[in-house]
Every structure is written in C-alpha cells, then in structure tokens.
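In what follows, a single structure is set out as structure tokens and then discussed.
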Amino acid sequence: MNALMLVNETIEALTRVDAERLEALAEAAMHPVSPPLAGERKEVMTRSRVLARMLGYTRHNLRLAGSRHLPGDERRSAWPPFRG
C-alpha cells in the first residue's frame, strides 16, 4: 500500500465511522509504506492535512460525547458541516 492510498482510505473509513477498517489501516501503517511518487507528494500532503483536521474534530466530538453535562444541555458537533 502506498502513502496516498493509506491516507485516502483512512479519510474514507473515518468519514464512514468504520472502526474495523480504521483498526486494519492502523495495523497497515505499522508496516513500511511505499513512499508517494513524485507527482503524488503534494496530494499526500494536502490529504494528510485534511486527515489531521478530521482527527481533531473527531477527538473534540468524542470529548463532547463523553461529557456528562454540556452547557444548556446542547449536543453540538465540532464538524463544521453538521454544526447546528
């Protein structure tokens, strides 16, 4: 599996909230991943930033979901498209 494929599949699994696939991808990331081709480097960097942002939102949402009391008892999503 190359780096671009790993990042893209991780974004897709995180979007679908597919825990089993995320675990498999985490295991795959432990093994050597072939570096991106010269033309793919920029794409990998861009997609890596997207993934990092998604992971930040996920971490924040998990903290919100784990809190017992939210101000005004509101359920808010940190993911901008779903804020409401």
Side-chain angles (χ1 to χ4, degrees):
M1 179 177 297
N2 69 22
L4 182 58
M5 186 186 313
L6 180 65
V7 171
N8 284 336
E9 286 192 32
T10 303
I11 289 171
E12 184 179 325
L14 188 58
T15 302
R16 289 184 288 131
V17 191
D18 185 347
E20 290 179 20
R21 184 66 181 144
L22 286 168
E23 283 187 37
L25 290 166
E27 179 66 31
M30 299 288 207
H31 303 291
V33 176
S34 60
L37 302 173
E40 294 178 336
R41 286 188 185 129
K42 186 175 181 179
E43 178 77 14
V44 169
M45 293 304 295
T46 301
R47 302 294 287 170
S48 293
R49 284 192 294 273
V50 169
L51 179 57
R53 194 78 179 253
M54 289 176 71
L55 289 171
Y57 288 135
T58 300
R59 186 178 305 115
H60 182 75
N61 281 339
L62 288 172
R63 269 190 254 130
L64 286 176
S67 66
R68 294 181 184 262
H69 177 42
L70 294 172
D73 208 19
E74 297 175 23
R75 292 275 177 195
R76 295 185 308 244
S77 172
W79 187 284
F82 301 113
R83 281 192 179 167

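Counting from 1, the numbers follow the sequence of the chain as shown. As the structure is a computational prediction, the values presented were derived from the model and not from experiment.
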Does M54 belong to the same Ile/Leu/Val/Met/Phe/Trp/Tyr cluster as L22, with side-chain heavy atoms less than 4.5 Å apart forming each link? yes
Between A3 and V33 the two heavy atoms that sit nearest each other are N-CG1, 3.3 Å
Listed partners of S34 passing side-chain contact (heavy atoms from CB on, under 4.5 Å), at least two apart: N2
Gap separating the OG atom of S48 from the CG atom of L6, nearest 0.5 angstrom: 9.0 Å
Using the side-chain contact (heavy atoms from CB on, under 4.5 Å) criterion, which residues pair with N8? Sequence neighbours excluded. L4, R47
If you count every heavy atom of other residues, nucleotides or ligands that lies below 6.0 Å from M1 atom CE, does the total exceed 12? yes
Got a sec, which pairs hit salt bridge (Lys or Arg N to Asp or Glu O under 4.0 Å) with one end in residues 15-25, sequence neighbours left out? E9-R21, E12-R16, R16-D18
Mind checking side chain to side chain donor-acceptor pair (under 3.5 Å) for R49 and listing every partner two or more places apart, or none if nothing turns up? none
Is there a path of hydrophobic side-chain contacts, each under 4.5 Å between heavy atoms, that joins M5 and V7? no
Give every donor-acceptor pair under 3.5 Å between a side-chain atom in residues 24-32 and any protein atom, sequence neighbours left out.
from: E27; atom 1: OE2; to: H31; atom 2: NE2; distance (Å): 3.4

How would you list all residue pairs meeting side chain to side chain donor-acceptor pair (under 3.5 Å) that involve residues 35-45, not counting sequence neighbours? none
Hey, which of T10, L14, V50 is the one that makes side chain to side chain contact (heavy atoms under 4.5 Å, CB included) with L55? L14
